[in-house]
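The chain is numbered in sequence order, starting from 1.
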Amino acid sequence: MTDTNAINGIISAQHNQPHQVLGLHADDSGYLTLNAFVPKAQAVAVYAKNTKKVIAKLNKIDDAGFFSKKLRRKNSFDYQLEITVDGKTSRVEDPFAFAPTLGELDLHLLREGNHLHPYNILGAHLKTVNGVKGVSFALWAPNAKRVSVVGEFNNWDGRCHPMTNQDFSGYWSLFIPQLKAGELYKFEILRSDGNLQPLKADPYGLQAQFRPETASIVNAEKHYKWQDKAWLKVREARNSRHAPISIYEVHLGSWQRDENNHYLNYRELADQLIPYTLEMGFTHIQLMPVSEFPYDGSWGYQPVGLFAPSSRFGDADDFKYFVDQCHQANLGVLIDWVPGHFPIDQHGLAQFDGTHLYEHADPRQGFHPDWNTLIYNYGRTEVANFLRASALHWLDRFHVDGIRVDAVASMLYLDYSRKEGEWIPNEHGGRENLEAVAFLQRFNEELYREYPGTFSVAEESTSWPGVSKPTDAGGLGFGYKWNMGWMNDTLEYIKREPIHRKHHHNEISFGLVYAFDENFILPISHDEVVHGKGSMIERMPGDAWQQFANLRAYYGFMWSHPGKKLLFMGCEYGQGPEWNYEKALEWHQLDIHWHAQVQQLVKDLNRVYQATPALYQHDCEHQGFAWLDHENAEQSVYSFIRFGQHGEAPVVVVCNFSDQVYHNFTVGVPEQGHYQELLNTDAQIYGGSNQGNFGGATSKDKPMDNQAQSIDITVPPLATLIFKLES
């Protein structure tokens with residue numbers, strides 16, 4: 001006879017080892033007893049699969065639905081339950097005829113925090129056990145008293161499918177036979193104090209409902225047939241520091257929409273976004289967060305489902321198709337990843353099992369006042385493992401080429417956006433978050449070891465040393481870092497009236513003091529064209545002609561400056577209004593010639609950049625750059641040389657941020673010969689005044705700018721000129 005306390009534990013939904021009670025169990029005499037808990041059932045019988053006969057009717061021990069029967073058998077056998085509810089009889093598999101699903105090695109690695117692919121075992125996965133198809137569920141909730149899988153299949157009743165706390169490890173599992181892909185589910189968690197948590201979505205869920213609904217969905221995990229082998233063979237070279245990298249940053253929900261202002265799905269985006277990005281000449285697409293998130297206004301930066309592509313645009317296979325099509329078009333794909341914070345939504349990770357499981361308990365460590373979000377506990381091995389896996393699974397499952405890590409500074413500093421007394425120093429009394437540092441270092445080590453050819457990017461806005469240095473040299477191990485200082489200084493400069501720029505000359509040149517301290521990307525990102533900052537064109541001073549000329553000159557400077565490039569969508573044609581995530585870009589503005597001409601300039605900048613090794617081969621090394629003149633404040637003119645690897649022709653760049661034309665302007669050049677004008681942002685095709693040097697310029701033996709040779713040129717107003725020595 002089964003222990004009364006165990007029966008009561010099952011009936012009251014408080015038992016944490018239901019496999020020890022339900023299903024077949026041998027008593028001291030060796031005979032088998034079958035226990036089943038089926039609320040609302042009038043009768044339950046056991047059906048033997050081998051004889052295809054009902055061999056016994058179970059006794060109803062409790063009106064709540066607990067049935068039991070001692071069988072005249074000592075050997076286990078395959079069976080089903082024949083259940084009668086409201087006069088209707090059906091035959092079903094018993095979940096408790098199947099053992100808990102987590103293996104000993106998996107549990108060991110999970111406890112250590114060393115599991116590289118926890119998303120393959122935690123969460124919900126289609127599985128066949130003993131010839132029976134179903135879904136395997138597994139969850140980490142170490143402080144829960146009881147965990148159940150609930151869904152439409154059991155009327156969201158937590159009594160029906162309680163999970164087993166395997167080896168009392170805090171990892172719960174259950175195989176539910178006969179469930180199929182597409183089933184909605186959540187986890188019902190009973191806290192240690194006996195109270196229920198709000199129903200929780202699956203932290204490892206691979207698919208989620210479209211907001212405002214919040215359930216997880218059993219994903220089919222289809223075997224997608226990738227067609228990107230050719231890309232994978234070359235992507236290491238395409239992602240190298242010595243390769244041209246020009247990134248188009250995109251918010252999928254507002255790049256383009258249909259005629260009803262509805263989202264395009266991943267496949268429609270593949271058909272439209274990829275050809276456009278190729279036409280514009282970008283080498284990579286960077287997607288603002290695509291992992292599932294509840295609130296549109298967060299743009300994805302407050303994610304709940306770190307393993308699920310957002311249902312706004314389709315399912316996992318649709319996203320794989322998008323990435324695959326990018327690769328077949330020779331476009332790299334980066335995604336934004338947000339390990340810095342997570343939202344307080346009840347169905348998410350906040351107080352997941354009734355305790356501060358994923359976040360720090362003390363709000364001085366665990367709460368972001370800026371965003372009203374929670375901060376992960378990076379020092380907890382299981383949390384760090386969860387986060388690292390959430391990034392690497394996009395490289396594994398979805399073949400993405402790079403991870404851009406959001407808000408790294410907020411992770412690194414314990415006093416980030418906090419006043420005195422609002423933060424807790426580290427063990428040495430400092431402000432550095434040592435646990436976050438160790439987490440980021442290990443993340444980068446795993447990324448580069450497990451997925452060679454991919455790369456990571458840090459959005460880090462401070463002067464933290466060695467962000468893109470190897471971890472064995474004390475760095476954080478990122479491949480690249482956003483150059484936020486360059487972005488802030490140069491945008492501050494370019495918004496000034498030309499007459500005032502001579503008083504702020506170093507705002508353009510100062511970035512070269514530290515330009516090679518890190519592997520930099522020059523970012524004009526979404527953050528620069530939102531929240532009242534205005535669009536890029538709105539930042540420019542002067543009348544309409546001057547605004548567009550300033551923007552063109554700035555882009556010319558950006559593309560010729562050391563560092564890889566990143567430009568947010570809409571900026572490539574100088575969209576007028578600042579970005580609005582609730583609607584598509586203002587594509588109709590391309591009917592206005594000034595916007596179309598800026599777009600043409602960006603196309604040509606990308607073309608020249610990729611065709612000119614001196615403009616990219618040493619983007620991250622000091623030997624790729626030399627000033628000619630950075631002190632000509634009176635005329636607001638800068639000139640410099642870009643060098644490629646040995647044997648590549650050097651490039652001379654002249655930037656005029658005044659509104660004056662300078663004729664017979666002498667510029668030093670590094671070698672004797674004829675210098676072709678590769679690009680002039682003042683050219684007529686870009687909407688400029690068409691001043692320039694369309695036949696190029698031949699050097700003469702006149703020393704200038706510490707060079708033995710020089711050229712005399714016309715320098716147009718508000719323009720950037722790029723010259724290349726002809727071979």
side-chain contact (heavy atoms from CB on, under 4.5 Å) assessment of Thr101 paired with His125: CA-CA 11 Å; Thr101 58; His125 299 279; over 6 Å; no
Candidate pair Arg380 and Glu435, rule salt bridge (charged side-chain N to carboxylate O under 4.0 Å, His left out), full reasoning: CA-CA 9 Å; Arg380 189 159 196 169; Glu435 294 171 339; over 6 Å; no
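Looking at residues two or more places apart in sequence or on another chain, you find a ring-ring contact (aromatic ring centres under 6.0 Å, His included) between Tyr378 and Phe439. The ring-ring contact (aromatic ring centres under 6.0 Å, His included) test applied to Tyr480 returns Phe455, not counting sequence neighbours. Among residues two or more places apart in sequence or in another chain, the side chain to side chain donor-acceptor pair (under 3.5 Å) test is passed with Asp489 by none. Under the side chain to side chain donor-acceptor pair (under 3.5 Å) criterion, Trp231 pairs with His327, Asp401, not counting sequence neighbours. Applying the salt bridge (charged side-chain N to carboxylate O under 4.0 Å, His left out) criterion to Glu518, with sequence neighbours excluded, gives no partner residue. Scored by the ring-ring contact (aromatic ring centres under 6.0 Å, His included) test, Phe640 finds Phe625, Trp627 as partners (sequence neighbours excluded). Residues satisfying the ring-ring contact (aromatic ring centres under 6.0 Å, His included) criterion with His108, sequence neighbours excluded, are absent altogether. Residues satisfying the side chain to side chain donor-acceptor pair (under 3.5 Å) criterion with Thr490, sequence neighbours excluded, are Tyr554. Every residue meeting the side chain to side chain donor-acceptor pair (under 3.5 Å) condition with Glu460, not counting sequence neighbours, appears here in chain and number order: Thr462, Lys481.
Below 30°, between 30° and 60°, or above 60°: for Tyr358 and Phe386 the angle between ring planes is above 60°, a perpendicular geometry.
Counted by atom type alone, Arg191 and Gln197 present one or more donor-acceptor pairs between their side chains at under 3.5 Å. For the residue pair Thr373 and His341, a side-chain donor N or O sits within less than 3.5 Å of a side-chain acceptor on the partner.
Two residues are said to be in side-chain contact when any heavy atoms from C-beta on lie closer than 4.5 Å; Asn433 and Met411 fail this criterion. Here the side chains of Thr164 and Trp172 are not in contact, with every heavy-atom distance at 4.5 Å or above. Annotation: side chain of Val149 is in contact with side chain of Met163 (closest heavy-atom distance under 4.5 Å). At a threshold of 4.5 Å between non-hydrogen side-chain atoms, the residues Phe342 and Tyr376 count as touching. Proximity of Glu292 to Gln207: side-chain heavy atoms (C-beta onward) are nowhere separated by under 4.5 Å. Residues Ser192 and Asp353 fail the side-chain proximity criterion, which asks for heavy atoms closer than 4.5 Å.
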Under 3.5 Å, side-chain donor or acceptor atoms of residues 389-396 against the rest of the protein: list the pairs with distances, not counting sequence neighbours.
unit_1: Ser390; atom_1: OG; unit_2: Trp337; atom_2: NE1; d: 2.9
unit_1: Ser390; atom_1: OG; unit_2: Leu387; atom_2: O; d: 2.6
unit_1: His393; atom_1: ND1; unit_2: Ser390; atom_2: O; d: 3.1
unit_1: His393; atom_1: NE2; unit_2: Phe307; atom_2: O; d: 3.1
unit_1: Trp394; atom_1: NE1; unit_2: Leu306; atom_2: O; d: 3.1
unit_1: Trp394; atom_1: NE1; unit_2: Ser390; atom_2: O; d: 3.0
unit_1: Asp396; atom_1: OD2; unit_2: Tyr119; atom_2: OH; d: 2.6

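Pairs passing the ring pair (Phe, Tyr, Trp, His ring centres under 6.0 Å) check and including a residue from residues 405-429, sequence neighbours excluded, read Tyr413-Trp464. Annotation: salt bridge (Lys or Arg N to Asp or Glu O under 4.0 Å) contacts involving residues 557-570, sequence neighbours excluded, comprise Lys564-Asp619.
The neighbour count for Gln645 CD, taken as heavy atoms of other residues, nucleotides or ligands under 6.0 Å away, is above 12. Heavy-atom contacts from other residues, nucleotides or ligands closer than 6.0 Å to CD of Glu422 number more than 12.
For Asp415 (side chain) and Lys419 (main-chain N/O), no donor-acceptor pair under 3.5 Å exists by modelled atom type.
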